[in-house]
Every structure is written in structure tokens, then in C-alpha cells.
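Keep in mind it's a predicted model, so treat the numbers as computed, not measured. First the proteins, then the strands, lettered A, B, ... as listed; each starts at 1. The figures here come from the full heavy-atom set of this structure, side chains too, leaving out hydrogens, waters and symmetry mates.
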Protein chains: 2
Amino acid sequence: MIPLILERTFVRFLLMSTVVNKKLRGEVLRQRVLETALELFSTCGYFNTSIHDIRREADVSIGSIYHHFGNKEALAKALYDELLERMDAGLREVMERERGCRARCDGIIAFMFRAATDDPRTMRFVLESRHREFLPDEPPVCSSRPFMRMRECIEQGIASGEVCPIEVPVAATAAFGGAIRLVQLHLDGVLEKPLSRYLASMQDAAWRAIASDPPAPAKHLIKETEE
Amino acid sequence: MIPLILERTFVRFLLMSTVVNKKLRGEVLRQRVLETALELFSTCGYFNTSIHDIRREADVSIGSIYHHFGNKEALAKALYDELLERMDAGLREVMERERGCRARCDGIIAFMFRAATDDPRTMRFVLESRHREFLPDEPPVCSSRPFMRMRECIEQGIASGEVCPIEVPVAATAAFGGAIRLVQLHLDGVLEKPLSRYLASMQDAAWRAIASDPPAPAKHLIKETEE
DNA sequence: GTCTATATGGCGATAGAC
DNA sequence: GTCTATCGCCATATAGAC
């Protein structure tokens, strides 16, 4: 264990040495700007937030923001990428930990509920803002990696026979659409109870929608008549 | 000398006709502005659309727009109200036509799919734009009348025993969340096939999620008979 | 009711010292 | 890398003739 006094001295040394100092300070500042942008974008929206607002709230200069990000849109893109990556990491972790489609679906829903509760700002920014309005070249959020991962999970479930063989988009939206919608209700503040109270029954409902085994319905196997 | 009574009548007629003409022209203009606003708001977004854009596209003057709506926000609110009312009318119609929770749920999903296909702009504006960013005093869209109507339908289903007795928010989102999500995929242009091709299996999946009796019959495949 | 011309403010972005 | 001061534009909104 390093004595506090030495640790402090070391930190001070770091701060004093010009090269490291500038880099460190730069990184800290960059993070503070991103954090502030998330706060303001998710509560007021991208267009209601000016660079000056971010400057004031983050207590940095306009110049620094432009130095690090280039322009407002690029700042939003940097934030968006970071949040999607963080979310994707969470989902990857679920997919590695859980085995079987049901356990993974449950895990994904649980992850979303936890994320929406612990960090509503991130969830709000990823789910609710219309990124294409300010990131015109970005593909829709439903084709981002986290959402592709959910879809993948369902495809594997169909392949293994755990999920009944309906069209993939139907199965994927039936599995997670309800949970996503409930998360939105939570973010809009219209739910009486905390999200966690609904977790188990949402997981059950989602699984009933797509599971193959319980009633083993043969409806979808009936040859459809073209109109 | 013209009798006073006739003169009065004639003047009155003139006044009436000019007034009516102006009123008519005004109404036509008002509708053209609303139509244009829907077009631009739903494709470019509220904040990327200027009053000048609307002016140009609708071929009216700035002054007329402000005369009819007061300001940009009020214009958006007028449009929003009109679209919600139109949607609510469609849902009311479904609720009156169909009896039983399953038929009504199917009808609601079918209505949403049809609306998203026939008039994607309306669906995009209602579902996707974040109204609270430009209509700060508006309640969230999930507590608007169309969405309350969906919730009501589920509550009745629980009361009648057709829907299994889980928490209402869970049942409502499980029933319609998948369909709403699929509509969004459609609006984002990431679906291979037209929405209608997914209708029957989406209805089935939605009903499986909330039905109380496990073996849910595929009602849409059964030929309906007049009673 | 409709129009054109104009006012006003705030925004994103830049310049250039340190 | 960070900062302050400032630019130029374009948005919403208004004034006032017709």
C-alpha cells in the first residue's frame, strides 16, 4: 500500500510534468464534456442544447470543445458510439454468461431493465432520440450492434428449435418489443412501480410469444394461400 | 330609390359572400400548411424544418402561417392533435366493430400496420418524433388517447378472463410492443417484405404473450360466419 | 386574410493569444 | 491544449401595406 502522502506527491508530479499533464487533463476534459453532453442531450434533446450550454455546465471553454470534437454533430456521434459500445459490451457479457435461448432472452431483458433504472440517461439517448435527425449518415438504431445481437439470439433459438419458426423480424420484435416499450413507459415516468417489479412477468410474456414447446402450435406450418 | 330592406339584404349578401370566400380560402390554406408541415416534419424532423421551408413548399406567405397558427410550436401542436384524433377515430372504429379481446387486439394491430403502410408520415410523426422536445407541456405519447384505448382493451380482456391476470402495463406492452416495434422497423426501411406479410404471425405472437388459455386458436385462419 | 420587408437574437464556428 | 472575444448567418417572429 502506498502512503497517501506519497501518492499525492506522485499525482502532483504527474500533473506538473507538462507532457503527461496536458494529455491527462485533455482526457479528463474530454470525458467531462461527454458526460455533460449526455446529461443535456438526454433531458433537453440535441437541438435544445447549445454548445454554450455544454460549455457552461461542463465548465470548460468553447475552444476546448471544438478542439476535441470538431463540431457539435461529431460530439454527438462520439457520445452515441460510446454509449452503443457500452451497451453492446453488456449484451455480449449476457450472451457469454447464459446458455440457451430462454436464459439469454431473460438476461437481455433484465439487462435492459437494469440499465434503464441505473442509467436512464443512456437508455433515453439510445432509445428515444431520433439520431437520424442530427446524424443523417447514421444507420437506424435497430441495425446497430446491440440490436443485431438481440436478433442473433433469436435466430439461434429458431435454429435450435427452442423458438418456433416464425419470421425472424416478427420473433425478434415479439420477444423484445414489449420490454423495450415498458422501458419507454418507465423513462416517461408513467409506471407506478419500479421496472424490476415487472421483470419476471415481462420475461414470461416475452417467452410465451415466441416459445415453440408449450403448446407446439402448428399454425405457421399451414401453407399460406397467396392473395 | 331602392327599398331599404332590399339594399340591406344585398349588402349583407355581398358581405357574406366575401366573408365566406375568405373563410374558405383560409381553411384551404390552413390545411395546405398542415399537410406540408407533416411532410417536412416527418421526413426532416421538427428542428430541421424552418418556417421558411414550410412557406416555400406550401406556397403561402410567412404572414399567413403566423396568422393561422401563431408560432411554430403551435403549428406542430395543431398537427399533432389532428393526427392523434384521426388515429383515435380509427381505433374507436375497431373497438366498435370487433367483439372480444382477441379480435380487438388483432384489429388494433391490423389498423397500425395499415396506417403505417398507407400513411407512413403520420405514423412516423406520432411514433417517432420526440414531441416533448418541441412540445414541452405535452404529456408523453403513451398517455395519449389512442394508447389509452389500447390499454383499455387489455384491461377489459383481463376482466373477462380472456387475458391472463398479469400487471396491466406488462400485458399492454407485451400485446402491442412487438407490433409497434415492427412498425418502426418498417418505417426505418429495414424490413424485406411489406408489413402485411407479417400481420398474421405478429397477431398470433402478441396473443400468445397474453392469452390466458394456452392453446390459442389462430382465429384469423378461421372463416368468419355471419351471426 | 394575405402579403413583403425587416428586426432581433442566438446559434455554430473561428481567430489568435497564451 | 486551453482560453476569450468575436464573426456571420439564419432562425423565429413582427410590422404594416393592401
Side-chain angles (χ1 to χ4, degrees), chain A residues 14-37 40-41 44-80 131 133-137, chain B residues 14-37 40-41 43-80 129 131 133-137:
Chain A
L14 274 185
L15 286 174
M16 283 306 181
S17 81
T18 50
V19 177
V20 178
N21 177 15
K22 284 195 173 177
K23 270 201 170 177
L24 253 179
R25 239 168 86 75
E27 191 49 36
V28 166
L29 184 147
R30 196 187 132 90
Q31 284 304 319
R32 197 161 65 234
V33 170
L34 281 175
E35 165 69 20
T36 308
L40 294 179
F41 286 168
C44 314
Y46 175 84
F47 292 102
N48 290 320
T49 303
S50 73
I51 294 286
H52 292 271
D53 293 334
I54 297 174
R55 185 213 70 75
R56 192 185 324 110
E57 209 69 19
D59 196 32
V60 297
S61 70
I62 291 269
S64 293
I65 296 178
Y66 278 94
H67 173 77
H68 279 283
F69 299 98
N71 59 45
K72 188 186 177 185
E73 186 178 319
L75 164 59
K77 169 129 180 63
L79 177 61
Y80 185 56
H131 309 98
E133 284 186 20
F134 50 90
L135 300 176
D137 299 333
Chain B
L14 274 185
L15 281 175
M16 285 285 280
S17 62
T18 49
V19 166
V20 169
N21 263 337
K22 283 197 174 177
K23 264 200 171 177
L24 256 178
R25 238 168 89 72
E27 191 49 36
V28 167
L29 185 148
R30 196 188 132 91
Q31 283 304 317
R32 197 160 67 234
V33 170
L34 280 175
E35 166 69 19
T36 308
L40 294 179
F41 286 169
T43 53
C44 314
Y46 175 84
F47 292 102
N48 290 321
T49 303
S50 73
I51 293 286
H52 290 274
D53 293 334
I54 297 173
R55 184 212 69 76
R56 192 184 325 110
E57 209 69 20
D59 196 33
V60 296
S61 69
I62 291 268
S64 293
I65 297 178
Y66 278 93
H67 173 76
H68 280 285
F69 299 99
N71 60 44
K72 187 184 178 187
E73 187 179 317
L75 164 58
K77 169 127 179 65
L79 177 60
Y80 184 58
S129 52
H131 309 97
E133 284 186 18
F134 50 91
L135 301 176
D137 298 332

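To the nearest 0.5 angstrom, A:Leu135 atom CG is 5.5 Å from A:Glu73 atom CD.
Going from atom CZ of A:Arg55 over to atom C1' of C:dA13 covers 15 Å, rounded to whole Å. At whole-Å resolution of the value, OH in B:Tyr46 and P in D:dT12 are 8 Å apart. The distance from atom NZ of A:Lys72 to atom P of C:dC11 is 9 Å, rounded to the nearest whole Å. C:dA7 atom P lies 20 Å from atom CD1 of B:Ile51, rounded to whole Å. Residue A:Phe47 contributes atom CZ, which lies 12 Å from atom P of D:dT12 at whole-angstrom precision. For B:Phe69 and D:dA13, the CZ to P distance is 14 Å, given to the nearest whole Å. Rounded to an integer number of Å, the gap from CD1 of B:Ile65 to P of D:dA15 is 18 Å. Per the geometry, NE2 belonging to B:His52 stands 13 Å off P belonging to C:dA5, to the nearest Å.
What you find for B:Val33 and B:Ala58 is that their closest heavy atoms are CA-CB, 4.4 Å.
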Evaluate the side chain to side chain contact (heavy atoms under 4.5 Å, CB included) criterion for residues A:Ile65 and A:Leu29: first the C-alpha distance (whole Å), next the side-chain angles of each, then the deciding distance (0.1 Å), finally the verdict. CA-CA 9 Å; A:Ile65 296 178; A:Leu29 184 147; 5.9 Å; no
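For the pair A:Lys72 and A:Phe134, the cation does not sit on the ring face, since its NZ or CZ is not both under 6.0 Å from the ring centre and inside 45° of the axis.
In this structure, of C:dG12, C:dC3, D:dC3, it is C:dC3 that holds the atom nearest to the side chain of B:Leu29. Proximity note for B:Ser64 (side chain, C-beta onward) versus D:dT2, C:dT2, D:dA13: the nearest is C:dT2. You'll find that the side chain of B:Ser61 is closest to C:dT4, out of C:dG12, C:dT4, D:dT12. With D:dT4, C:dT2, D:dA13 as the candidates, the nucleotide lying closest to the side chain of A:Ile62 is D:dT4. Comparing D:dA13, D:dA11, C:dA13 by their closest approach to the side chain of A:Tyr66 singles out C:dA13. Of the candidate nucleotides C:dG1, D:dT2, C:dC11, D:dT2 has the atom nearest to the side chain of A:Arg25. Here D:dA13 is the nucleotide among D:dT2, D:dA13, C:dG12 with the atom lying nearest to any side-chain atom of B:Asn71.
Note: A:Phe47 and B:Phe47 have parallel aromatic rings, judged against thresholds of 30 and 60 degrees for the angle between ring planes.
For C:dT2, the OP1/OP2 oxygens have no side-chain nitrogen or oxygen of B:His67 closer than 4.0 Å.
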